[in-house]
Participant: 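Following this message is one structure expressed as structure tokens.
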Amino acid sequence: MEKMARVTTALGGNTITGRTMFCHLDAPANAISVCRDAAQVVVAGRNIFKIYAIEEEQFVEKLNLRVGRKPSLNFSCADVVWHQMDENLLATAATNGVVVTWNLGKPSRNKQDQLFTEHKRTVNKVCFHPTEVYMLLSGSQDGYMKCFDLRKKDSVSTFSGQSESVRDVQFSIRDYFTFAATFENGNVQLWDIRRPDRYERMFTAHNGPVFCCDWHPEDRGWLATGGRDKMVKVWDMNTNRAKEIYCVQTIASVARVKWRPECKHHIATCSMMVDHNIYVWDVRRPFIPSAMFEEHKDVTTGIVWRHLHDPYFLLSGSKDSTLYQHIFKDASQPIDRANPEGLCYSLYGDLAFAAKESLISSDSNRKPYIGDRRHPIFFKRKLDPTEQFEYISSSSALSVFETDVESGSMDWFVRTAKQYVLAGRPLAELCDHNAAVAKELDRNQVAQTWTMLRIIYSSPGTVSSANLNHSMGKGSASLPLMNSFNMKDIQSGMGSESRLDRSKGESRPENILMDSSSTLINNDDNEETEGSDVPADYLLGDVEGDEDELYMMDHENPHAEEQEYILPQEAFPLRHEIVDNPSALDHLQEKADSPHVSGNEAETVSLTPVESFSLISISHSLYENRLPPDFFSPIVRDMLLFYAEQGDVQMAVSVLIVLGDRIRKEIDEQTQEHWYTSYIDLLQRFQLWNISNEVIKLSTCRAINCLNQASTTLHINCTNCKRPMSNKGWICDRCRQCASMCAVCHHVVKGLFVWCQGCSHGGHLQHIMKWLESSSHCPAGCGHLCEYT
Amino acid sequence: MNSALLQQILQVGNEDAQMHALFADSFAALGRLDNVTLVMVFHPQYLESFLKTQHYLLQMDGPLPLHYRHYIGIMAAARHQCSYLVNLHVNDFLHVGGDPKWLNGLENAPQKLQNLGELNKILAHRPWLLTKEHIEQLLKTEEHSWSLAELIHAVVLLTHYHSLASFTFGCGISPEIHCDGGHTFRPPSVSNYCICDIANGNHGTDEMQISPTGSISTAESLCEVEVLMEKMKQLQECRDEEEASQEEMATRFEREKRESMFVYFSEEEELAPTRDVSRHFEDTSYGYKDFSRHGMHVPTFRVQDYSWEDHGYSLVNRLYPDVGQLLDEKFHIAYNLTYHTMAMHKDVDTSTLRRAIWNYIHCMFGIRYDDYDYGEINQLLDRSFKVYIKTVVCTPEKTTKRMYDSFWRQFKQSEKVHVNLLLIEARMQAELLYALRAITRYMT
């Protein structure tokens, strides 16, 4: 009630109180309008024309203006307006083109006052002059606007828009003589009431019909328009050319717009189709409505603020035959449910990420790392309290993630994409090949994964010991990553260690290997869970940086290196890592910024062969492995999810393709599709068209497979006039000649056509190839030094 | 194809550059130049929009697979036994890899398409009976259900081909040369002459007058035009003098609507359905004719409550982007197309006449414009014209060459084609309005 009290004072004694309430009408409403004193509302529609009194708790029907046994079409209202000067005066626009005025002061039951039958088509809108009692304006489907003086029988003046149907007319609130009219073809015209011969100004506001417009009650130059193109636009008419100053994109065509009283930037809208809600927008925040009323079950056809100076009460009528009074404090505010976030890449690959402060600070691990280039920089913006975002009390944090050149380089991605072999060979060979590729690029964890996949899925006979050995060496290199975080992981590592020790005691070598490989996979598994535990800064800061950091760490920490090469001998690398862990963590944090070490790889490699014997012996035991490959499926699945989560969708997709049916059913179709599309998108960004096509071809998702069939159009220039060919045939429509002639044999090329992008000349593939063996100039003789790549 | 029509086309065809471009476009897009295009080229502006829309519906990105689109086209055309369109699309259907088995009848097509049969039937003959239950039936989640976007696509295709069938019969378009019936003299629709005759160069036989019966009463029909123009003028100038009462207006609409039911050609020329067409629809008895005979009541649809511009467009564009825009343009062009000529007269404002034709068609479908005086229709459209409109729109397969010849005898062939454009667009919009309204009701 406090609020109500405030309202009361604001209106100087004119009390408005109430609650959200509604009443059923007998028929769908087309338009509503309020009386000046905000105590009554008139509802008009095809089969309804009634006045309701707005009381504290309910609407009370006061008067039914639809009288007579057989109501004529004059009662079928498209629009209604209540005069803001004279509370007895109403005007309606009938669907049959008649403009009717009603005088409530009449003693008889029929309040109909005057009838203007001048329009030839449906009248869409009527509007009273805000200060002049007798002046009424109408806009009709026939393209004319007419101004009536209610003291006369006929219209005073007729304005011809010279374009199509008029959808809305509105007198300017401050300019005595000006009114705006909106048209079905997207135009808005400004007229001077004294000059019926020509509009003062016209501009195209929307694409398609402009259904409505509303002058700003305070700022006299502002006009809001809403159209079928789902936009609400605010125009500043003070300048010579109407300037669009705000634009709100809604989700459906806009049927009505109404500025909210006393709130300079707020505007209420409702839609004509599909969407039944009423929105109140802050035009400065065009992406999310500041308030929303969701009561209606069918499209809202009329909205009106109850009082000229009260921003809290909104009335609305709807096709669902209800009349509502909405109270602002009952409105739902989408902003509460939204998590405003912004994300943007800069020219240099820096990533800025802004989010609501509460979202970020709730994550207690996250601390700003000032001065560390890889970690986010936080900015905080407190809103200027003088700004009137009354419902939006938000402060947000902006994080900027800078990428240094090296970790930002996607060279590895391109090379991996190019060198991976995904099909056409036995699985083992594919895995080996891909492992070698990954290794060459210093991506040891990936290389190891490939090797493990080979061990898991390929028949035992093909296992080559060297590879295995090698991968184990690498495997250890990747471990610091997984250990760098919290105790949970270390404990799980310990668990597996003791298990391993036990099995070693029983001296069953096959088990050892089994365990060790599963341990390794477990590690992957753990990493994945870690992935979510990792402070988000770190993860975001350098998604691709794992390997680099590992190396960095190793370098700083020579004794870790030492242990590493002992580890493979035991086929179990974890133990020493645990010992080592705290210092490794320190290094990670302190030296994260230090330069990368390149020599590291060589060292590791040189160290591993020493241990290879033990591994070979173990690898033999693999033959006895009787476990079916799908025993590992869940683990492999988790591994793929982990890679994808980490941002290495390349790995996920490659493994998916290589393993094919072995793993496909483990992962749900949608995830797969998602991976494929991300990977293909990446490939195309790097212009690896061939590879992306190969991936599309190899994919088993239907949605992906059909990508190859989409957009296969090729735009070419005519060889004669060098203009773009708009036609789909062989004939250029400009110079009327066959466009795709072979420059060598002068026949039309059907089939493989190769041409120079410089001069548009070309021809049969063989002919051109032959030609270029002997000459580097264009065969057409245009003098261009053709380049065919 | 009508011989006289063809003569004029060939005449026009030699001069117009825009036409050439259109032909080339059409040829490039379809790989053929069909007879519909050849006839519509009288009105290049419209043709361009028409081809663009058709191309988008059939070939561009959309919710339905290509062979479905052609199959739906076949279904729709078969409703009106339009062998021309059916054959055309049978070829296309097979070309895009459709299963030839489906062509043995709707029952051989997937369940999903079979479900569409009912909608097809209703839309073609009694669109006002369409309710949200029909839509619900198609959309309810089960194995063969439709998605909303697919449904909109299908509805647009159905209405497009229903009205195109009207055009085919209305202008008496004969089969393509390479199609069944293209080489014979068997009259598939109105035609007495095949395009191939002309195309092969033996049009020496074709010395018919523009209006075959015209010579009898040239004077009489001359004044037909004059009278019509006079009436139009009157209507435009002195409309506010004798303003009819509201009741009168309502009665006029009802009367027009009722009368339109009984407007019928007298003779019953039963055309044997071409053999390969009838198999596509299971229920031949279901036609416009049946209920009109029994004087069934058509409920009134108020266009002010659900119009294409305000409501239909938004719905279509939301579910099948760009198509709303294309259709909107096409309707717009068809409705506003005018050359300010009537027969031999120039500088005529034909808007009242065009509006009368448009509204008359909508009136037959029970669609009422509150702001229109349906008395105008009676003044402007004479009986033979009404018979023609009624037949072409509601039972196009019954159209005869005599009907085509007997209305507006003094008018040019291109103007008769113009009328046909109005007919098909108005029909398409009417069907669409009913279908979209049902979908809207389903959605709310």
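Labels below follow one simple rule: chain letters A, B, ... track the order of the sequence lines, proteins then strands, and each chain is numbered from 1. Every value quoted in this text rests on a predicted model; they were computed, and no experiment measured them. Heavy atoms only: backbone and side chains are in, while hydrogens, waters and symmetry mates are out.
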Participant: Is it the case that the side chain of B:Asp371 and the backbone of A:Arg121 share a donor-acceptor pair, with hydrogens and angles ignored and the cut-off at 3.5 Å?
Facilitator: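 Between the backbone of A:Arg121 and the side chain of B:Asp371 there is no qualifying donor-acceptor contact (under 3.5 Å).
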Participant: Nearest 0.5 Å, please: how far is CG in A:Asp298 from CE in B:Met443?
Facilitator: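 The distance works out to 11.5 Å.
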Participant: So, using side chain to side chain contact (heavy atoms under 4.5 Å, CB included) as the criterion, who are the partners of B:His340 when residues are at least two apart?
Facilitator: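 Partners of B:His340 by the side chain to side chain contact (heavy atoms under 4.5 Å, CB included) criterion, ordered by chain and then number, come out as B:Thr338.
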Participant: I need the contact set between residues 314-324 of chain B and chain A: heavy-atom distance under 4.5 Å, sorted by residue number.
Facilitator: B:Ser314, B:Leu315, B:Arg318
Participant: Identify the heavy atoms of A:Met273 and B:Thr440 that sit nearest to each other, and give their distance.
Facilitator: CE-OG1, 3.6 Å
Participant: Counting only non-hydrogen atoms closer than 4.5 Å, does A:Glu184 touch chain B with its backbone (N, CA, C, O), its side chain (CB onward), both, or neither?
Facilitator: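 For A:Glu184, the contact with chain B is made by the side chain alone.
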Participant: So does A:Tyr144 have more than 12 non-hydrogen atoms from other groups sitting under 6.0 Å from OH?
Facilitator: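 At most 12 heavy atoms, drawn from other residues, nucleotides or ligands, come within 6.0 Å of this atom.
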Participant: Just by distance, no angles: are the side chains of A:Glu164 and B:His332 close enough, under 3.5 Å, to form a donor-acceptor pair?
Facilitator: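 There is such a pair between these side chains.
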Participant: With heavy-atom distances below 4.5 Å as the criterion, would you say the side chains of B:Glu309 and A:Phe211 are in contact?
Facilitator: no
Participant: Mark yes when over 12 heavy atoms from residues, nucleotides or ligands other than B:Lys52 sit less than 6.0 Å from its NZ; otherwise mark no.
Facilitator: no
Participant: Between A:Asn96 and B:Asp370, what is the shortest heavy-atom contact and its length?
Facilitator: CB-O, 3.2 Å
Participant: Would you mind checking which part of A:Arg46 comes under 4.5 Å of any heavy atom in chain B, side chain (CB onward), backbone (N, CA, C, O), both or neither?
Facilitator: side chain
Participant: First locate atom OG of B:Ser307, then atom CD of A:Gln141, and finally report the distance between them rounded to the nearest 0.5 Å.
Facilitator: 8.0 Å
Participant: Supply the atom-to-atom distance B:Tyr372 OH to A:Thr122 OG1, rounded to the nearest 0.5 angstrom.
Facilitator: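 Nearest 0.5 Å value for the OH-OG1 distance: 13.5 Å.
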Participant: Could you grab the distance from atom OG1 of A:Thr95 to atom CZ of B:Arg302, nearest 0.5 Å is fine?
Facilitator: 6.5 Å
Participant: Could you look at A:Ser76 and say if it's the side chain, the backbone, both or neither that has a heavy atom under 4.5 Å from chain B?
Facilitator: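 Answer is side chain: those atoms of A:Ser76 sit under 4.5 Å from chain B.
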Participant: What residue, out of A:Lys297, A:Glu118, A:His276, has the most heavy-atom pairs lying under 4.5 Å from chain B?
Facilitator: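 Counting heavy-atom pairs under 4.5 Å, the top option is A:His276.
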Participant: How far does NZ of A:Lys319 sit from CG of B:Asp305, to the nearest 0.5 angstrom?
Facilitator: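 Between atom NZ of A:Lys319 and atom CG of B:Asp305 there are 5.5 Å.
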